[in-house]
Amino acid sequence: MMFRARRYRVFLVFATIFVLAFIHFARSREQSPSPIDRHPASFSPNSPAADTVDHQDSAPIAPPPSPPTPDLSSEQHSTEEVQDPTIETPADIRPSPSAEAPKPSSDAAVNEDEEESQSAPLRSKLGVQKQEALEVETPEATWPHPHWKKLPEHYPVASEDLIRLPTGQPKELPKLQADFKDESSADKMQRVQRLSAIKTTFERAWTGYKTSAMGHDEVRPLRGGYRDPFNGWGATLVDSLDTLWLMELKEEFSLAVDYIKTIDFTTTKKKEIPLFETVIRYLGGLLSAYDISGHKYDVLLEKAVELAEVLMGAFDTPNRMPGLFHRWAPVSMALPRRADKKAALAELGSLSVEFTRLAQLTKEDKYYDAIARVTNELEKFQDNTQLPGLWPLRIDASGCRKSQTHVDHEAPRGQSPAETPSSSAQSKPSSTMKALPTDAQSYEEFLEPRDSRSLHDDAQPAGYGGVSAQPYPNSESEYRASFEQQSPEAQCREGLTAFTGESEKYGLGALADSTYEYLPKEYMLLGGQNEQYRTMYEKAITAARERLVFQPMVKNNRDIRFLSTVSMPKDHGHVRTTYDGDHLSCFAGGMVAVGAKIFGIESDMELAHQLTDACVWAYESTKSGIMPEHFSLVPCKKGESCEWNETAYYKALDPNMQERLARAMARKEERRKKKEKEEALADAEGSGSKKKNSIGKRERGNWHVVANSDGKSAKKDEAEAEAENEDSDEDEKIPSHEEFATARIRNERLPPGITMLVNRKYLLRPEAIESVFIMFRLTGDEYWREKGWEMFEAVSKYTRTELANSEIDDVTVETPTMLDEMQSFWLAETLKYFYLLFSDPGVLSLDEYVLNTEAHPLRRPQY
Ligand SMILES: *[C@@H]1O[C@H](CO)[C@@H](O)[C@H](O)[C@H]1NC(C)=O
């Protein structure tokens with residue numbers, strides 16, 4: 001009996017294993033990639049990031065179209081959590097962006113900024129790498145999904161110390177919009193047709209979102225389903241509200257408002273809330289919907305307040321600078337924390353407009369106080385940077401270091417940051433990264449040191465520059481003690497200073513943009529009652545005009561301007577300027593135009609035209625009619641003529657021709673000698689070795705420069721091209737300068753004037769049409785409407801999917817690959833700007849509204 005039972009048990013165990021194995025295989029087959037199931041090009045196949053994204057993909061493949069019934073939403077959340085056992089990924093172990101963008105050894109175009117600024121902006125407005133981590137879920141076992149609750153602040157501002165909203169009479173500011181003449185009926189007919197085409201595109205994409213992803217952050221525009229990279233509160237829903245109203249989709253609007261009632265901003269699956277993205281999309285979206293609908297929907301303001309209360313905790317630091325990745329849960333909030341040591345300038349400086357509007361609407365000065373303190377610190381810092389007038393792209397907001405000029409800093413010298421334990425993650429992470437582990441165990445080990453890395457050190461008690469082996473002490477009291485024991489100067493109540501990297505970078509584009517953009521906008525929102533913003537803008541634009549603006553050499557000598565990025569080494573070494581164009585920087589034309597009018601800088605209107613037209617040029621320069629995300633240009637010398645010069649362009653395409661030829665010659669000579677030697681040997685010994693040497697050589701082509709069509713930067717640089725040469729036939733032809741340059745143009749599909757396509761994607765971004773729209777409203781020049789319409793036709797044609805619109809991988813080809821992502825700004829900004837360009841100029845007049853950096857209109861004070 002006993003014996004038999006045992007035999008049964010063995011049998012049972014085997015049967016169970018068999019059944020489990022069967023189920024496992026059946027499942028994994030279901031999840032095997034379909035043809036459209038592809039990773040974004042920037043992920044390498046064995047990277048954890050790719051894995052986690054894939055898990056996310058497979059979970060929500062085809063969720064039932066969820067009707068917007070209020071009670072469902074919480075349930076959806078919990079089911080998704082179960083399906084989503086993925087792991088939080090620190091930003092700095094993402095695959096190396098430098099791998100996707102080999103660089104030429106050109107002095108003219110140094111693209112070292114790229115991993116930081118332009119090649120990673122897939123998930124964010126800004127191009128901050130950190131964002132990538134946000135779409136990846138936390139293991140739910142360690143995360144019980146608590147609710148936020150109000151706790152006493154560690155560093156409260158006494159009510160008598162609150163910085164209050166200006167209370168005086170708003171000033172009458174210069175009028176922004178041009179005087180528009182009556183249009184002919186033929187003109188009107190065409191305009192209204194275009195308006196309706198744009199509206200149709202919006203309605204399609206909105207419906208796609210609604211049926212496939214309602215209540216979630218984003219729809220997957222190709223295969224359906226959703227993604228939740230922004231805390232899962234429904235980013236697209238909130239972001240689209242005011243566009244619905246604007247396009248007179250009133251029924252959709254009220255349906256959306258009903259859904260808003262069900263959002264619970266006091267909890268989220270993620271441990272961190274990205275402050276900037278949350279403020280511009282959610283807070284901005286709610287406030288603008290409230291403003292634009294005439295304050296009739298109280299729930300919009302109520303939800304804005306609910307969210308803002310959660311976010312205010314981010315400002316509870318010793319120097320009241322906000323922690324940008326806010327650990328909001330009560331268990332985190334119970335502990336004191338500091339602001340980031342490596343904050344993106346844009347994230348720090350672009351909170352003003354939304355919190356100010358909230359303070360105006362609620363009459364609560366604390367919201368204004370929060371951002372006024374940031375402004376004050378930015379103002380103090382502005383004259384003390386390496387490039388006075390501009391702020392570095394990366395700022396130390398921790399308050400642990402005295403604000404000072406660049407001369408002294410605590411970072412060790414003569415040692416690359418990667419070797420310095422205290423700053424291991426502060427250095428450029430990618431190029432020196434060790435190979436990513438593939439199995440779960442090593443992956444976990446890899447993740448462990450994460451919390452001692454700088455991007456997450458807002459809750460870290462270690463003194464500045466010290467190594468914190470144990471960022472989370474065993475007990476709360478231990479933590480508190482370590483925090484409070486520090487010497488007074490380590491209390492971290494200082495202001496802003498430059499992040500201590502190898503060099504400081506300055507620019508107006510990625511990582512910086514909306515901090516500058518918000519200076520005139522905040523000035524207008526405050527009715528001109530705070531001159532800080534005027535002064536700061538004037539200083540910034542003066543510095544930018546002198547140091548950043550450049551004219552690129554392009555065909556037909558079009559008079560356009562782009563903005564360079566300047567890199568100032570800490571050790572006063574060689575200052576490097578990167579002459580690139582990128583889509584994110586296209587907002588600048590509009591900003592300069594607004595600044596010119598509001599602050600009476602008349603001559604800047606020309607610059608605004610040139611900056612905006614540069615982006616129009618970039619759209620026109622490609623096969624699809626869409627601007628690439630990021631590319632390199634040939635700058636002209638200031639004050640000299642900028643005629644198209646084919647010789648100069650070719651030189652930029654093959655900058656080190658002499659060395660290239662010399663190396664190729666040397667190698668050829670070497671091979672010749674080797675061959676002679678071998679032949680001599682072969683004569684002596686027989687013919688074995690000779691054969692071996694020529695096998696496989698023919699498989700490789702002659703020298704070539706390869707363009708991938710996978711959306712990444714395409715160039716194999718010279719060295720790589722040469723490396724391949726090494727294997728090619730001995731009588732191979734060394735490409736002449738001309739041949740090399742023309743081959744690059746052909747293989748990489750380079751538009752004239754562009755020397756490298758650093759990133760070929762179009763991510764549905766709005767910045768170019770934003771400036772075109774502003775230029776039209778401020779000048780009344782029909783030129784902008786014509787250009788804007790061409791942009792719309794191109795963009796809507798190449799991004800269209802069955803459901804909505806998708807990011808694409810390559811704007812230089814006829815049939816780009818759809819990347820199956822649609823960020824919320826497509827509906828919130830891009831299509832809104834297209835629509836406003838063709839609406840009656842009285843609709844959303846820029847004299848009545850100021851648009852936040854997510855295109856959310858906020859009501860300006862009226863006189
Ligand atoms: C064109 O560029 C080449 C190389 O930079 C230069 O030598 C030449 O003088 C230029 N030609 C003109 C007409 O400016």
Side-chain angles (χ1 to χ4, degrees), residues 101-114 545-567 573-582 606-607 609-611 613-614 616-618 620-622 628 630-666 703-705 707 713-722 725 733-758 812:
K103 289 146 199 167
S105 38
S106 151
D107 290 330
V110 178
N111 286 291
E112 55 151 15
D113 306 62
E114 186 202 322
R545 246 185 259 117
E546 277 171 22
R547 299 301 297 267
L548 303 182
V549 173
F550 72 95
Q551 181 174 10
M553 184 184 72
V554 295
K555 269 200 166 150
N556 305 321
N557 310 327
R558 196 151 157 177
D559 189 17
I560 55 177
R561 299 289 184 278
F562 280 97
L563 294 158
S564 62
T565 309
V566 174
S567 180
H574 185 49
V575 174
R576 297 210 282 190
T577 308
T578 308
Y579 297 100
D580 283 4
D582 70 325
E606 192 188 346
L607 176 59
H609 183 107
Q610 292 162 331
L611 287 167
D613 206 37
V616 171
W617 167 82
E620 289 173 352
S621 70
T622 65
H630 183 192
F631 48 86
S632 303
L633 295 157
V634 185
C636 294
K637 286 222 171 69
K638 247 188 190 149
E640 288 178 20
S641 89
C642 200
E643 304 264 296
W644 175 255
N645 178 340
E646 199 97 357
T647 313
Y649 181 49
Y650 277 26
K651 205 173 156 195
L653 290 169
D654 184 16
N656 302 310
M657 184 214 1
Q658 299 299 346
E659 292 93 311
R660 180 175 63 77
L661 292 179
R663 278 200 302 271
M665 289 304 290
W703 66 279
H704 59 284
V705 187
S713 111
K715 180 168 174 284
K716 288 219 173 174
D717 72 17
E718 205 191 301
E720 277 180 68
E722 278 176 30
N725 274 354
K733 190 169 164 314
I734 296 171
S736 71
H737 177 61
E738 204 108 304
E739 286 166 333
F740 188 86
T742 49
R744 281 201 57 203
I745 294 170
R746 187 179 60 247
N747 295 338
E748 299 173 40
R749 299 180 297 279
L750 297 175
I754 290 180
T755 58
M756 179 165 64
L757 284 161
V758 182
T812 67

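For clarity, every value in this text was computed on a predicted model and none was experimentally measured. Counting starts at 1 for both ligands and their atoms, in listed order.
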Sub-4.0 Å protein heavy atom near atom 7 (O) of ligand 1: no

Aromatic plane relationship, Y649 with W644 - under 30° parallel, 30 to 60° tilted, over 60° perpendicular: tilted

Polar side-chain atom of R576 near backbone of T565 as donor-acceptor pair, under 3.5 Å: no

Closest contact, heavy atoms only, T742 versus Y650: CG2-OH, 3.1 Å

Ligand 1 N/O within reach of N645 N/O, cut-off under 3.5 Å: yes

Distance flag for atom 2 (O) of ligand 1, protein heavy atom under 4.0 Å: yes

Flag for R749-T812: side-chain donor and acceptor within less than 3.5 Å: yes

